[in-house]
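What follows is a set of notes on a single structure, which appears directly below.
Within every chain, numbering begins at 1; the chains are lettered A, B, ... in the order of the sequence lines, protein sequences first and strands thereafter.
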Amino acid sequence: MEKTVNQRAWLLVIPVLILVAFSSIIPMMTVVNYSFQDTFGGNDFFWVGLEWYRELLHSERLWDAFGRQLLFSFIILAIEIPLGILVALSMPKKGVSASICLVLMSLPLLIPYNVVGTIWQVFGRADIGLLGRVLSDLGISYNYSQNAFDAWVTVIAMDVWHWTSLVALLSYAGLRSIPNAYYQAAMIDQASRWSVFRYIELPKMRGVLMIAILLRFMDSFMIYTEPFVLTGGGPGNATTFLSIDLVKMALGQFDLGPAAAFSLMYFLVILLISYVFYTVMISIDKSEAKQ
Amino acid sequence: MASITLENLAHSYQPGSDADSDFALKAMDYTWEDGQAYALLGPSGCGKTTLLNIISGLLTPTRGRILFDDKDVTAASTAERNIAQVFQFPVVYDTMTVRQNLAFPLRNRGMEAGYVAERVDRIAQMIGLEADLHKKARGLTADLKQKISLGRGMVRDDVNAILFDEPLTVIDPHLKWELRTQLKSLHQEFGHTMIYVTHDQTEALTFADKVVVMHDGRVVQIGTPKELFEAPAHSFVGYFIGSPGMNFVPVSVARNKAVIDGKTLKLEHDYGDPQGELELGIRPEFIRLTKADGLPVRINRVQDVGRHKFVNATLGDTEINVALDEDTVLETDMANIVIDPLKISIFSDDWRIDGKSTDDAEGRPR
């Protein structure tokens, strides 16, 4: 059949093209443009090629931030995923108490990021904060603004407090979708509590856990606001994660070129890790189903 | 193995309520004999699954006791009761292989590896899973998954009873017959007490020695398939068993005479002077169409379904069905029905009443 070509159809996609162009493509290409140029202010740019990329790849500061970032994501995943599952398993299954639990659990998720930072900043202060004061009264030395270890503990505790709910809610949804017959069959088969978890609950939660891990990984890898409000990246550079470093470089030092190169590499790393993670999970899933 | 006794058993999902209507299972006394195959038949929501879950210990009854032989197990857990149960939808452990699935109930009870392997092989062979033993359960079809569930139910040889909760719902029709036959032969071989819940009368009638018909939380009749067909104790049994079900015609009865629509019909039994709302029940199979004598009807439609012809007619104000053999020739002026008097049941307020033999009541003075 002969198809009529109607070029006016392009008109219909124009609004969305404009939207995407102004919201993503143009800003992104501006960054790409910056990353190959240098400027001394004014609006004078000159071409430097791959200079910034080469420099950043040999920059110790960047590699340190990258290491801290990986460590941070790893630690919070190692805490939040098991903890979230545990919380989901111990939540009531139905009734008013279940609703109350759900509401309480979602509260931390609704608090703006900078407010979370502020809450913990006050909470941890040794003079007026509940946590800091109690700890110092107990004779435990704790000061997140001077001790790197204390700063890490606080940043991690804050993230766990803020985001474990998300993992718990997702796991809870996964658990609730398991038909009652599975538990009944397990009772008839005399399965232990551990077996029920290992052979029924965990396999059924697998899908939502994959999403939870992916979300928490991407989010934690880009964390900025909360540690910035709490410690500003300090003491020293102890809690300077990639995005904090990036902002320092771009706005603090106004090194537009390196910062642009930095953000592009940052973007590609997240994309790459998420893609690898997703592909591996999917292929494991498929090969298991096939067996 | 054990006989199972229900003593004044009742269950309500609304705790604290005494209203009869709140009871999903109304008070019942019954003993399930050891080694029999029972079918629990009834429409959805009649309390079949509730009863099954009470027997297996997944539910604790609001009232009454359950005895296995003479031992009170009302408060005992499912594990203590040593019951196997197969559910309506396949329950398999996804991450395990078929073999591990079948071995699971035995492993959990700490059986020796040698015994486990032997039992698993035997059961797999019986239900036709041998070829799939090494496969992961997750990727299998619903049919095979349900076979695994059935296998897990039967793998223990020391169970007190095996309960099936509509186990063939997800199975393809052509496999249903095969699996049902296998279940039946397993029953003959091992002699376990089996209770099979279903809402499909064919399934119930082919599987069971005895069929327990439930309606609205109550057991309305327990009997062999033949008894249920010929002498339903409750109008529900008449309506539910048979396809189409029994015809019910309002009637007035005095001794051995029934009056339908102004016409008198002689009955085989003497019912005295029965009270309540009376109905005459007759199966479509026991009605003939004739040209002259009998009760006049208006024919509505004729359906030919192969082995039978079903005629739908109106008698007085009541619709009735007549089942005719396929080779019966229908003529246009056949507008009367003749009812086989031997097959008539009289129901008073839905329950069947028994008449006395007319030999005593009529004719011969004593």
Side-chain angles (χ1 to χ4, degrees), chain A residues 81-82 85-86 88-89 92-98 170-213 279-291, chain B residues 49 52-53 55-59 77-98 100-111 132 134-140 145-146 148-153 155-156 159-163 165-167 169-170:
Chain A
I81 300 294
I85 294 173
L86 205 68
L89 284 174
K93 292 183 174 51
K94 54 183 171 200
V96 185
S97 50
L170 283 169
S171 306
Y172 187 72
L175 282 175
R176 291 280 64 74
S177 72
I178 301 175
N180 208 18
Y182 277 82
Y183 293 104
Q184 295 181 329
M187 252 204 276
I188 302 251
D189 291 342
Q190 229 177 359
S192 60
R193 181 68 191 87
W194 168 250
S195 294
V196 170
F197 176 70
R198 168 75 184 73
Y199 298 115
I200 297 175
E201 290 170 334
L202 199 57
K204 296 276 173 200
M205 277 195 289
R206 196 194 164 106
V208 286
L209 281 181
M210 260 173 65
I211 294 172
I213 292 174
T279 317
V280 168
M281 287 301 234
I282 291 291
S283 71
I284 290 175
D285 207 46
K286 267 193 192 149
S287 70
E288 268 191 18
K290 241 184 248 164
Q291 262 173 11
Chain B
T49 301
L52 208 64
N53 287 346
I55 293 176
S56 63
L58 296 171
L59 264 181
S77 71
T78 304
E80 287 170 80
R81 295 185 193 199
N82 204 12
I83 286 264
Q85 187 167 355
V86 179
F87 297 89
Q88 185 171 7
F89 296 101
V91 176
V92 297
Y93 303 105
D94 280 344
T95 52
M96 296 187 195
T97 63
V98 175
Q100 288 166 329
N101 258 285
L102 293 179
F104 194 57
L106 298 174
R107 288 255 174 80
N108 288 333
R109 286 171 174 77
M111 306 284 184
D132 306 300
H134 63 281
K135 288 186 189 158
K136 273 259 163 76
R138 185 172 167 217
L140 301 178
K145 283 186 180 177
Q146 189 64 341
I148 297 176
S149 294
L150 285 168
R152 272 211 327 277
V155 74
R156 289 184 281 144
V159 288
N160 281 319
I162 308 179
L163 313 181
D165 190 356
E166 308 196 21
T169 309
V170 294

Counting heavy-atom pairs under 4.5 angstrom with chain A, the leader among B:L106, B:V92, B:V155 is B:V92
*Most contacts with chain A, counted as non-hydrogen pairs under 4.5 angstrom, among B:N108, B:T97, B:D165*: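 Ranked by heavy-atom pairs under 4.5 Å with chain A, first place is B:N108.
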B:A84 versus A:I188, closest heavy-atom pair with distance: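 Looking at all heavy atoms of both residues, the closest pair is CA-CG2, 3.8 Å.
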In short, B:T95 meets A:R198 closest at the heavy-atom pair OG1-NH1, 4.0 Å
query: Mind checking which of residues 202-211 of chain A sit less than 4.5 Å from chain B, heavy atom to heavy atom?
result: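 Against chain B, the residues of residues 202-211 of chain A that fall inside the cut-off (heavy atoms, under 4.5 Å) are A:P203, A:K204.
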Quick check for you: to the nearest 0.5 Å, what is the distance between [X] atom [atom1] and [Y] atom [atom2]?
| X | Y | atom1 | atom2 | answer |
| --- | --- | --- | --- | --- |
| A:Q184 | B:T78 | CD | OG1 | 8.5 Å |
| A:D189 | B:R156 | CG | CZ | 7.0 Å |
| B:E80 | A:Q190 | CD | CD | 9.0 Å |

Q. Side chain to side chain contact (heavy atoms under 4.5 Å, CB included) with B:M96: which residues, sequence neighbours excluded?
A.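 So B:M96 forms a side chain to side chain contact (heavy atoms under 4.5 Å, CB included) with A:Y199, B:Y93, B:Q100, B:N101, B:F104.
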